[in-house]
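Inspection log for the structure reproduced underneath, given as structure tokens.
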Amino acid sequence: MKRLFLFLAVAILATNATAQPKFSQPHGLYDVSSLSVTITGTEGSVIRYTTDGSEPKASSTKYTAPLTLKKTTILRAVEIKGDSLSAITTASYIFTNSVLSQSNTPAGYPDTWGQYTQINGTAKADYEMDSEMTGDSKLRPKIIEGLKQLPILSIVSDKDNFFSHENDSVKGGIYIFTGPPVGDATGHGWTRPASIELIGGPQAHDYTGGCGVRLHGGHGRLAEKNPKHSFRLVFKKEYGKKTMKYPVFGEDETSQFDQLVVRCHFGNAWQHWAEDNRQRAQYTRDVWARRMQRKMGHTSVNALYVHLFINGMYWGLYNIAERVDDQYGKDHLGGKKSDIDVIKIEEDGGNHIEASEGDLTAWQLMTETAAKAADDKYYAALDTLLDINSFIDYMLINQYAGNTDWDHHNWYALRRHNNDSTVSEGFRFLCWDSELIFGNQWENVLGTNNGSQFPTGIFHNLLQNEKFARKYVRRAKEVLGDDGLLGETSVVQVWDSLYNTIDKALYDEAARWGDYRRDVHRWQSGGQLYTVDDFYIPERNRLLNDYFPNRSAKVLNDILSYVNVDDFEAPEEWVPLSPDMFYVWNGTGADAQTVTAWNVDWNFGRSLSGGNVVVGSNSVTYNQFADLSQYDRLVVRGSGSGLRIIANRLVDHGEYKQFITDVNEWSPYWDTAYGVVSIPLDEIATMDDNKGNKRVDSFVHMNTIKVNSGGQLTVKGIYLVPKQEISSVGIVSSERIHDNSFYNMNGQLVKQPRTGIYIKNGKKVVVK
């Protein structure tokens with residue numbers, strides 16, 4: 001009997017532990033004057049509730065009748081049966097009119113925040129929405145519309161958890177004691193219990209759960225520099241569930257999180273302490289870098305724009321980001337949490353590199369190996385230590401963006417290892433906190449080098465290896481071209497997609513923080529009333545009209561000037577012209593035989609003026625030549641004017657064929673795909689000689705290549721393209737032309753197609 005009673009008691013306690021009050025109305029944004037909410041519980045229970053964000057307990061207000069809400073209300077309720085309390089139900093009812101009339105004197109909240117760190121004084125509290133904007137007949141509808149554009153993230157907690165001035169690690173307010181990385185670190189790491197709700201938006205979010213909340217960031221935690229702090233949401237059993245399981249970033253993305261970062265947009269924002277930052281506010285720079293990294297095919301950190309509310313007070317435009325930890329690594333790279341190394345810069349106590357997950361063993365090996373990468377042996381050893389392709393794109397994103405607040409901090413490196421295997425994946429760098437980008441369109445950060453433990457130092461060490469330098473330059477040409485991923489069109493597509501996500505919500509951010517540096521704290525430079533139309537749009541137009549149209553070409557030119565490497569890669573079938581192709585011959589006809597090798601002049605890579613020899617000799621001796629008869633084209637790489645080919649001199653001091661062209665895009669023989677001039681050798685064989693006599697030869701004997709009078713030329717390389725092998729079957733029928741092979745315009749099978757137009761499967765195709 002005793003056992004049965006014990007079983008029933010445990011069952012009742014379990015039921016009470018899982019029961020929660022239910023509200024008749026869902027949390028959300030309401031554009032109404034009042035809302036009736038009924039709270040229901042299990043039979044025999046008493047319901048207690050609060051409306052100020054605090055956790056309800058036995059002494060809280062007893063629920064007896066439906067509640068009529070006429071303003072923004074944070075409703076929290078608990079069921080009580082005997083001594084047993086249920087889990088708390090929390091719902092945020094955000095009223096549009098309450099947001100627009102949000103005052104600077106909310107009941108029970110302090111009128112000052114934390115002490116300044118690098119200057120004297122205490123931060124004035126700022127809670128209000130600017131009445132100049134909310135009361136403007138043109139702006140007010142835009143602010144209302146903006147509230148509806150994004151999901152709401154509501155953080156709910158006892159107000160003292162945020163704003164208590166009691167200097168106590170348990171009771172102190174995290175918005176008062178911010179724990180900055182310089183000065184007084186009191187408050188660093190303080191975490192407080194909270195309930196969070198993700199509500200509405202285009203994705204119709206509907207999530208409520210418990211978590212810990214703490215401040216996040218570096219200098220953004222200094223009260224004088226930034227009144228609008230970032231937060232970190234920490235999911236542990238002591239605050240609710242140990243992991244958040246919800247598709248914050250969409251159904252196709254990872255949906256399990258140990259931590260999330262709620263980013264405030266600190267740099268280049270209207271509340272920033274420096275006027276040049278405020279003038280450049282766009283709220284999309286950091287997310288652009290992360291989205292661009294994803295677009296280029298690499299691991300990146302997800303983002304979701306939200307309107308943040310703290311205990312029902314509008315706090316501004318934020319974006320939720322994944323926290324780069326072992327859970328993030330597991331979700332994005334696979335394996336187990338224990339397989340993940342995360343390397344970052346820790347700013348507290350001075351910038352130093354640490355392994356926030358895993359250890360530094362592989363990191364140290366990677367950076368030491370990269371430092372020796374000039375030797376091909378060490379460069380090859382990086383295969384399992386560094387993802388080279390991802391690293392190159394990471395560097396190009398930051399170089400394109402002109403990131404001036406990097407890489408002494410603001411980056412992560414992530415790696416998955418496998419202790420049971422000799423094969424591990426190389427480190428991948430993640431764009432992070434890229435807020436100070438897209439400033440001066442002429443910015444050049446290629447020379448930045450913070451040492452071998454930093455991305456820029458690794459980059460400079462790798463540039464000492466010719467293979468890496470060629471790979472980097474080729475990729476730069478590819479992505480920074482007009483149709484490349486970092487070309488204007490692609491960049492603006494990402495940029496505009498972000499703008500179109502927040503274009504209406506920006507009016508809410510302006511109303512919340514646009515007056516701070518004018519009316520609350522005018523440190524360093526007096527601020528203005530920052531509005532979307534007067535400040536945001538002009539900066540957007542500067543980027544669209546000046547920065548983006550010119551930036552790709554500027555960065556590519558900087559790279560080509562900075563990295564001295566020849567990155568050209570000829571097709572496999574091209575045969576490099578070499579000195580051993582030149583002989584002294586016993587005649588000049590097609591049947592001439594070689595007598596001995598000819599030691600020719602060879603001046604590749606030198607800037608030559610008119611009259612100088614590129615290949616051959618000044619004498620143009622008739623029986624000294626290279627026989628090019630078996631080739632189809634002569635390809636010349638280089639730059640300049642006055643390429644002069646002398647060929648088919650048949651007798652001593654006799655007539656010869658002379659072919660002259662420039663080596664640039666103005667030449668009719670310019671091949672854009674390869675950046676070369678491609679000269680058909682048949683043209684030389686059939687052209688008139690230098691006296692104007694018509695003569696068709698069955699061979700091409702090249703005597704010399706010179707620089708024509710008045711020309712200036714640098715030749716980097718010369719290649720010979722073999723004649724195409726044409727099938728002996730002759731012209732094929734239309735039925736056979738759909739066999740996935742290449743045919744010339746005469747319908748003849750081409751086994752090895754070169755550059756040109758062909759027919760494949762019944763359609764014209766271009767082979768570059």
Report task. Return yes if a side-chain donor-acceptor contact under 3.5 Å exists between Gln524 and Trp273, otherwise no. Result -> yes
For a 4.5 angstrom cut-off between non-hydrogen side-chain atoms, does Ile502 reach Leu317? yes
* To do: Identify whether the distance between the nearest side-chain nitrogen and carboxylate oxygen of Asp508 and Lys142 falls below 4.0 Å.
  => no
query = What class does the angle between the rings of His521 and Tyr116 fall in, given that below 30° is parallel, 30 to 60° is tilted and above 60° is perpendicular?
reply = parallel
Fill in: Pi-cation contact, Tyr499 with Arg540 (under 6.0 Å, within 45°)
yes
NZ/NE/NH1/NH2 to OD/OE distance under 4.0 Å, Asp158 and Arg192 | no
Determine whether the side chains of Asn226 and Gln271 contain a donor N or O and an acceptor N or O closer than 3.5 Å.
yes
Aromatic contact between Phe249 and Phe257, with the criterion being ring centroids under 6.0 Å apart: yes or no?
yes
Query raised in the report: Do Arg278 and Glu275 meet the salt-bridge criterion of a basic N to acidic O distance under 4.0 Å?
Result: yes
Just checking, is any N or O donor in the side chain of Lys70 or Ser33 under 3.5 Å from an acceptor N or O on the other one? no
Would you say Val182 and Thr117 make side-chain contact, with heavy atoms under 4.5 Å?
yes
Between Ile119 and Trp523 the two heavy atoms that sit nearest each other are CG2-NE1, 3.5 Å
Requested in this report: Return yes if some donor-acceptor pair links the side-chain N/O of Asn410 with the main-chain N/O of Trp406 below 3.5 Å, else return no.
Outcome: no
Asp160 bridged to Lys171 by N-O distance under 4.0 Å
no
Spell out, as yes or no, whether a donor-acceptor pair under 3.5 Å connects the side chain of Ser34 to the backbone of Thr68.
-> no
Notebook entry, point to check: Can you find a side-chain donor-acceptor pair between Asp533 and Tyr507 that sits under 3.5 Å?
Noted result: yes
(request) Could you tell me whether the side chain of Asp546 reaches within less than 4.5 Å of the side chain of Asn541, counting heavy atoms only? (result) no
### Message
Within the 3.5 Å criterion, strictly below it, is a donor on His307 or Tyr314 matched to an acceptor on the partner's side chain?
### Response
yes
Minimum side-chain heavy-atom gap Leu436-Asn277 below 4.5 Å: yes
Q. Can you check whether Thr531 reaches Leu529 side chain to side chain, under 4.5 Å on heavy atoms?
A. yes
* Taking atom types as modelled, is there a side-chain donor on Arg428 or Thr299 under 3.5 Å from an acceptor on the other? -> yes
Does one side chain, of Asp503 or Gln149, offer a donor that lies under 3.5 Å from an acceptor on the other?
yes
In short, Leu222 meets Pro181 closest at the heavy-atom pair CD1-CD, 4.0 Å
Original post:
For Asn319 and His265, what are the C-alpha separation, side-chain angles and deciding distance, and is it a side-chain hydrogen bond (donor to acceptor under 3.5 Å, both in side chains)?
Top reply: CA-CA 8 Å; Asn319 78 75; His265 309 106; 3.0 Å; yes
Exercise for the section: Look at the side chain of Glu128 and the backbone N and O of Ser103, then say whether any donor-acceptor pair between them is shorter than 3.5 Å. Expected result: no
query = Strictly by modelled atom types, are His205 and Tyr246 linked by a side-chain donor-acceptor pair under 3.5 Å?
reply = yes
Is the shortest heavy-atom distance from the side chain of Asp111 to the side chain of Asn104 under 4.5 Å? no
Exercise for review: Fit a plane to each ring of Trp113 and Tyr127, take the angle between them on a 0 to 90° scale, and name the class: parallel (under 30°), tilted (30 to 60°) or perpendicular (over 60°).
Suggested key: perpendicular
Do the ring planes of Phe95 and Tyr30 sit parallel (below 30°), tilted (30 to 60°) or perpendicular (above 60°)?
-> tilted
>> Can you confirm whether Asp482 is buried at CG, in the sense that more than 12 heavy atoms of other residues, nucleotides or ligands lie under 6.0 Å from that atom?
In response: no
### Query
Going by heavy atoms in the side chains, are Val287 and Tyr305 under 4.5 Å from each other?
yes
Examine the side chains of Asn311 and Tyr109 and answer whether a donor and an acceptor come within less than 3.5 Å of each other.
yes
* To do: Could you tell me how the ring of Trp513 sits relative to the ring of Tyr516: parallel (under 30°), tilted (30 to 60°) or perpendicular (over 60°)?
  => perpendicular
Expected output: side-chain Thr191 to main-chain Gly189 donor-acceptor under 3.5 Å:
yes
Of all heavy-atom pairs linking Ser36 and Gln25, the shortest is O-CG, 3.3 Å
Original post:
If you measure from the Lys or Arg side-chain nitrogens to the Asp or Glu carboxylate oxygens, is any gap between Arg551 and Glu443 under 4.0 Å?
Top reply: no
### Query
Between Ser157 and Asn161, do the side chains contain an N or O donor and an N or O acceptor separated by less than 3.5 Å?
yes
**Pair Arg518 + Glu132, salt bridge at N-O below 4.0 Å** = yes
> Just by distance, do the side chain of Ser101 and the backbone of Asn97 share a donor-acceptor pair under 3.5 Å?
Replying inline: yes
Smallest heavy-atom separation, Pro141 atom then Asp136 atom, equals CD-O, 4.4 Å
(request) Give a yes or no on whether the ring-centroid distance for Tyr394 and His298 is below 6.0 angstrom. (result) no
Proximity of His27 and Tyr93 rings by center, below 6.0 Å: no
Q: Dump the intermediate steps for side-chain hydrogen bond (donor to acceptor under 3.5 Å, both in side chains) on His409 and Asp405, then the final yes or no.
A: CA-CA 7 Å; His409 64 169; Asp405 194 27; 2.8 Å; yes
Between Trp190 and the options Phe177, Phe231, Phe162, Tyr175, the ring-ring contact (aromatic ring centres under 6.0 Å, His included) test singles out Phe177
Mutual orientation of the aromatic rings belonging to Phe548 and Trp495 [parallel < 30°, tilted 30-60°, perpendicular > 60°] | perpendicular
Do Asn302 and Glu322 have side-chain atoms, one donor and one acceptor, less than 3.5 Å apart? yes
Between the CG atom in Leu153 and the CG atom in Leu260, the distance rounded to the nearest 0.5 Å is 9.0 Å
Short side-chain to backbone donor-acceptor contact, Gln399 and Val445, under 3.5 Å
no
For a quick check under 3.5 Å, do Thr178 and Arg221 share a side-chain donor-acceptor pair by atom type? no
- Under 3.5 Å side-chain donor-acceptor pair for Arg140 and Thr134: no
Closest non-hydrogen contact found for Arg76 with Ser195 is NH2-CB, 3.6 Å
| field | Side-chain ion pair, Glu539 and Arg542, N-O less than 4.0 Å | value | yes
When you look at NZ of Lys124, are more than 12 heavy atoms from neighbouring residues, nucleotides or ligands closer to it than 6.0 Å?
no
Could you tell me whether the side chains of Ser92 and Glu197 share a donor-acceptor contact shorter than 3.5 Å?
yes
For residues Glu145 and Lys504, determine if any side-chain heavy atom of one lies less than 4.5 Å from a side-chain heavy atom of the other.
yes
Tightest non-hydrogen contact, residues Tyr400 and Ser552, listed as CE1-OG, 3.5 Å
Item checked: Check: Leu75 main-chain N/O paired with Thr73 side-chain donor or acceptor under 3.5 Å -> no
- request: Check for a donor-acceptor pair, side chain of Ser54 on one end and backbone N or O of Thr50 on the other, with a separation under 3.5 Å.
  value: no
